[in-house]
Amino acid sequence: MPEKMSLDKVSATLEAIALLAEIIADHGPVLFHQSGGCCDGSSPMCYPRSDFIVGDNDVLLGTVGETPVYIGASQFEVWKHTDLIIDVVAGRGGMFSLDNGREKRFLTRSTVCTPIA
């Protein structure tokens, strides 16, 4: 698959960076995919990089450190005028996400951007 160009539309809190470091220590390189599903809609799902196939229509929002953050094209259309911030809150992660079972989970927050004409 050809490299995707980063849009640099994502950042992370210090708490998210710390949790991400724990997960990488346990599982090796990972990636985030912003969920578009009904159950975990604001949760960036964290997967081992080798276990997740990035789709042709997935958009690379940017990286957190060396961790890429993707979103589906249809979800990106809804959120294209926002910058996403990956944060951490108390609770359980998404069923298949690597933050599950750690009693804290990733959560996406956003800030609205001014569209460029």
S.K.: For Pro44 versus Ser97, what's the shortest heavy-atom pair and its separation?
M.R.: O-OG, 4.2 Å
S.K.: Strictly by salt bridge (Lys or Arg N to Asp or Glu O under 4.0 Å), give each pair with a member in residues 92-101 just once, sequence neighbours left out.
M.R.: Arg92-Glu103
S.K.: Among residues at least two apart in sequence or on other chains, which ones pass side-chain contact (heavy atoms from CB on, under 4.5 Å) with Val89?
M.R.: Arg105, Leu107, Arg109
S.K.: What verdict does the side-chain contact (heavy atoms from CB on, under 4.5 Å) test give for Lys104 and Glu22, after you've listed the backbone C-alpha separation in whole Å, the side-chain angles of each residue and the deciding distance to 0.1 Å?
M.R.: CA-CA 12 Å; Lys104 49 189 168 183; Glu22 286 178 31; 3.5 Å; yes
S.K.: Which heavy atom of Ala73 sits nearest to which heavy atom of Val59, and what is that distance?
M.R.: CA-CG2, 4.1 Å
S.K.: Could you check if a side-chain atom of Tyr70 sits within less than 4.5 angstrom of a side-chain atom of Pro68, using non-hydrogen atoms only?
M.R.: yes
S.K.: Are Val69 and Trp79 connected into the same hydrophobic cluster when the rule is that any two of I, L, V, M, F, W, Y join if their side-chain heavy atoms are below 4.5 Å apart?
M.R.: yes
S.K.: Please list, chain by chain and in numerical order, all residues satisfying side chain to side chain donor-acceptor pair (under 3.5 Å) with Arg49, sequence neighbours excluded.
M.R.: none
S.K.: What is the distance from atom CG of Asn57 to atom OG of Ser74, rounded to the nearest 0.5 Å?
M.R.: 8.5 Å
S.K.: Using the ring pair (Phe, Tyr, Trp, His ring centres under 6.0 Å) criterion, which residues pair with Tyr47? Sequence neighbours excluded.
M.R.: Phe52
S.K.: Does some side-chain heavy atom of Thr108 sit less than 4.5 Å from a side-chain heavy atom of Ser43?
M.R.: no
S.K.: Quick one: are the ring centres of Phe32 and Phe106 less than 6.0 Å apart?
M.R.: yes
S.K.: Can you check whether Pro29 reaches Ile24 side chain to side chain, under 4.5 Å on heavy atoms?
M.R.: no
S.K.: With sequence neighbours left out, what residues match Asp26 under side chain to side chain donor-acceptor pair (under 3.5 Å)?
M.R.: Arg102
S.K.: Pick one: which of Gln75, His33, Gln34 meets side-chain contact (heavy atoms from CB on, under 4.5 Å) with Asp58?
M.R.: His33
S.K.: Taking only residues two or more places apart in sequence, or in another chain, which ones meet Glu66 in a side chain to side chain donor-acceptor pair (under 3.5 Å)?
M.R.: none
S.K.: Taking side chain as C-beta onward, heavy atoms only, is Leu61 less than 4.5 Å from Asp83?
M.R.: no
S.K.: Tell me every residue that passes side-chain contact (heavy atoms from CB on, under 4.5 Å) with Ser110, counting only those two or more places apart in sequence or in another chain.
M.R.: Thr82, Leu84
S.K.: What residues, two or more places apart in sequence or in another chain, satisfy side chain to side chain donor-acceptor pair (under 3.5 Å) together with Asp51?
M.R.: none
S.K.: Would you indicate whether the side-chain heavy atoms of Leu7 and Leu60 approach each other to under 4.5 Å?
M.R.: no
S.K.: Do Lys9 and His81 come close enough that some side-chain heavy atom pair is under 4.5 Å?
M.R.: no
S.K.: Which atom pairs, donor and acceptor, lie under 3.5 Å between side-chain atoms of residues 11-19 and protein residues at least two apart or in another chain?
M.R.:
{"residue": "Thr13", "atom": "OG1", "partner": "Glu15", "partner atom": "OE1", "Å": "3.4"}
{"residue": "Thr13", "atom": "OG1", "partner": "Ala16", "partner atom": "N", "Å": "3.2"}
{"residue": "Thr13", "atom": "OG1", "partner": "Asp87", "partner atom": "OD1", "Å": "3.0"}

S.K.: What are the two closest heavy atoms between Thr67 and Val30, and how far apart are they?
M.R.: CG2-O, 3.4 Å
S.K.: Can you name the nearest heavy-atom pair linking Val10 to Thr63, along with the distance?
M.R.: CG1-N, 3.8 Å
